[in-house]
Amino acid sequence: MSNTTTALSADDGLTVNTSTWSGQQQAPVPMPPQLGNPNLLTPTSGALTEALQANWQKVDRANLGARLGGNLMRLAIVPAGGLGAGSRALSPASLSEFLDFWIRIRGVAVEPELALAPDGTLAAEWFKSRQQRLDVRFTGDKAVYGLIARNTISEGAETLDALVPFLRNHPAQPLRWNPA
Amino acid sequence: MTGPTFGLNTELTRYVNPASQLRGRRTAITAFLESPPEDRTKEYLSVNSLEVEGARLIAEYYRARFQSGRGPVAISTTTVRTFTYAGKKCGVDLHFDRSISQWLFGDLNGSNASAYKHHPLRASKDLKSESHCGVEFVRMLSEHRRSQFARLLSGFRFHLFNEPRRR
């Protein structure tokens, strides 16, 4: 694997952000983000989006849990421009790569959280703490990943054939990270 | 009105759209990735400066621009120090010019350019934002480095602002 591994020094910035605004009141706990913005949840039409249409059989095979499936649908219906001017809808190639990845790891992984980048690529994150987290973004060509495991960062862009065994066999078991 | 100084301890805000909000109010890596630019020489990461406006006013702007005026708004705050650190870690040639008290970087055309720039939005036909700024040096980042950069900035908790109560 052609990744880079960097040892972190004590001042590498992986501390909780303690910035505060004097005099600012923080809002009370809101409804879950999945329900928070009605604009984001408005599909352009009743038809399946391009990404879902292209991958429907794979979605079925992936056997997604209710939460993961719900999050995926929420992101899949975001239209082009839905994340700001110039943003793209979920790319069919990105979704396909994520589903392939999930099918290969679901036996050893907890469900990740999903996010959508403005370029239409899907990202999956496993989080235990700020010093222990994994993100994988699926470009459709290679998976761009970053694994922070206590004192080291491993980052790179790999094919699934290389990335899956790396993550499955990693001693920190990042695919099982879940917030406490 | 004077512009921001972009001092190391000053804070810049970034809108966190619902597609980048994770459990525990954490900010996903995708929140610090921009849409593909039309012109890379003019690309920057869009942020707002808390030196110029308070968080509530910035939240109102984000709500109007990105959410049609509705719903709670999530804002991530990052210090200039953290942005600068992340840029350096990702290979950007950032240096501080004491004579003008500014962070500069080696731009695409080889010249020195301001690492942080004030881009106030004042046109009458557009949504106004006096505190709108840009983290300019992101245009020097390769695709891989952009993910590294975003990773260093993500994972922190965002702040949430509900709609103001209407009387």
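The chains referred to below are lettered A, B, ... by the order of the sequence lines, with proteins before strands, and numbering in each begins at 1. Side chains are part of it too, since the values below use all heavy atoms of this structure and drop only hydrogens, waters and symmetry mates.
The aromatic rings of Phe138(A) and Phe98(A) stand perpendicular to each other, their planes meeting at an angle above 60°, with 30° marking the opposite boundary.
At a 4.5 Å heavy-atom cutoff, the contact between Arg26(B) and chain A is made by side-chain atoms alone. Looking at Ser154(B), both its backbone and its side chain come within 4.5 Å of chain A, counting heavy atoms on both sides. For Glu38(B), no part sits under 4.5 Å from any heavy atom of chain A, backbone or side chain. Using a 4.5 Å cut-off between heavy atoms, Ser20(B) touches chain A through backbone and side chain atoms alike.
A ring-centre distance under 6.0 Å is found for Phe149(B) and Phe137(B).
Taking 4.5 Å as the limit, some side-chain heavy atom of Thr77(B) sits within range of a side-chain heavy atom of His159(B). Looking at heavy atoms from C-beta onward, Phe32(B) lies in side-chain contact with Arg14(B) at the 4.5 angstrom threshold.
Per-residue heavy-atom pair counts under 4.5 Å with chain A were compared for Gly155(B), Ala31(B), Gly24(B), and the maximum is reached by Gly155(B).
Taking the ring centre of Tyr44(B) as origin, the terminal cationic atom of Arg139(B) falls outside the region bounded by 6.0 Å and 45° from the ring axis.
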